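This report refers to the structure that appears directly beneath it.
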Amino acid sequence: GAVVSQHPSWVICKSGTSVKIECRSLDFQATTMFWYRQFPKQSLMLMATSNEGSKATYEQGVEKDKFLINHASLTLSTLTVTSAHPEDSSFYICSAHPRVSGSVVYNEQFFGPGTRLTVL
Amino acid sequence: EDQVTQSPEALRLQEGESSSLNCSYTVSGLRGLFWYRQDPGKGPEFLFTLYSAGEEKEKERLKATLTKKESFLHITAPKPEDSATYLCAVRGGGAQKLVFGQGTRLTINP
């Protein structure tokens, strides 16, 4: 259980184009999803927190107009990198926090496999 | 502000050589301390959640322990397939997000 998928797993695009990354919780509903980016040999950097049906909360220094987040349902969140530039090249990872199910309360986040974005 | 510091930054062991990874934390109202394993080019894989001092959890060759200020991930008789980066994170009271440490890059030589 607690499987999170991301699509695509890797993408190469030209500078100036927009790229959409999908994050899905496959066997549970997620009230909250998170988007991270990770540079080589560094830890995860939280970009934004996304709650279903409401606007995302962005971390300080993250441009909300550049990184558009949509959490349209309890199993799907998308990250769109608009007008991508080479400095946006990175490893993007999403995670999902399961909805409370019966008497079970989850404090864990479960992570997707990541998306490698390369902007030429 | 919640903070997590992991040490060492990197650790190289021989197969079968047991050791421990450290995670020191400061948090307001701990709602969980989490250990994840991350392989190169992949997302983190959940290992353990600890909630209170004195708690211990085990999985195969790994055992996680918790005190009021730090957590240890003990690795007993490791194998090369245990090579990975191990991440520690905390969730504080009232917060949805996790605060991560920088990770410990573990290499097990055959």
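Given the structure is predicted, the values throughout are model-derived calculations rather than measurements. Naming: A, B, ... by sequence-line order, numbering from 1 per chain. No hydrogens, no waters, no symmetry mates; every other heavy atom, side chains included, goes into these values.
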Among B/Glu45, B/Arg105, B/Lys42, residue most engaged with chain A (heavy-atom pairs, under 4.5 Å): B/Lys42
Chain B contact residues among residues 7-26 of chain A, heavy-atom distance under 4.5 Å: none
Side chain proximity check, A/Ser95 to B/Leu98, heavy atoms < 4.5 angstrom: no
Hydrophobic cluster identity match, A/Phe34 and A/Leu117, side-chain contacts under 4.5 Å: no
Carboxylate-amine/guanidinium proximity below 4.0 Å for A/Glu108 and B/Arg91: no
Residue pairs, two or more places apart or on separate chains, that pass disulfide bond (SG atoms under 2.5 Å apart) and touch residues 35-74 of chain A: none
Single-linkage hydrophobic cluster, 4.5 Å side-chain cutoff, A/Leu68 and A/Met33 together: no
Atom CZ of B/Arg61 with >12 non-hydrogen neighbours under 6.0 angstrom: yes
NZ on B/Lys97 to NE2 on A/His97, rounded to 0.5 Å: 15.0 Å
Member of B/Phe46, B/Tyr36, B/Phe34 meeting the ring-ring contact (aromatic ring centres under 6.0 Å, His included) criterion with A/Phe111: B/Tyr36
Flag if over 12 foreign heavy atoms under 6.0 Å of CD, B/Glu9: no
Proximity of residues 71-89 of chain A to chain B, residues having a non-hydrogen atom under 4.5 angstrom: none
Which atoms of B/Gln38 approach chain A - backbone, side chain, both or neither, heavy atom under 4.5 Å: side chain
Residue part contacting chain A, namely of B/Leu87, when any heavy atom lies under 4.5 Å: side chain
Contact class of A/Glu59 relative to chain B, heavy atoms under 4.5 angstrom: side chain
Path from A/Tyr36 to A/Val119 over hydrophobic side-chain contacts below 4.5 Å: no
Pairs of heavy atoms under 4.5 Å with chain A: top-ranked of B/Arg31, B/Gln96, B/Gln102: B/Gln96
Cluster check A/Trp35, A/Phe91: I/L/V/M/F/W/Y, side chain < 4.5 angstrom: no
Pick from B/Gly103, B/Ala89, B/Pro40, B/Pro44 with the largest number of heavy-atom pairs that fall under 4.5 Å of chain A: B/Pro44
Close approach to chain B in residues 42-51 of chain A, criterion heavy atom under 4.5 Å: A/Ser43, A/Leu44, A/Leu46, A/Thr49, A/Asn51
same_hphob_cluster(B/Val99, B/Leu66) at 4.5 Å side-chain heavy-atom cutoff: yes
Crowding at NZ, A/Lys41 (>12 non-hydrogen neighbours, <6.0 Å): no
Heavy-atom neighbours of A/Lys55 NZ exceed 12 at 6.0 Å: no
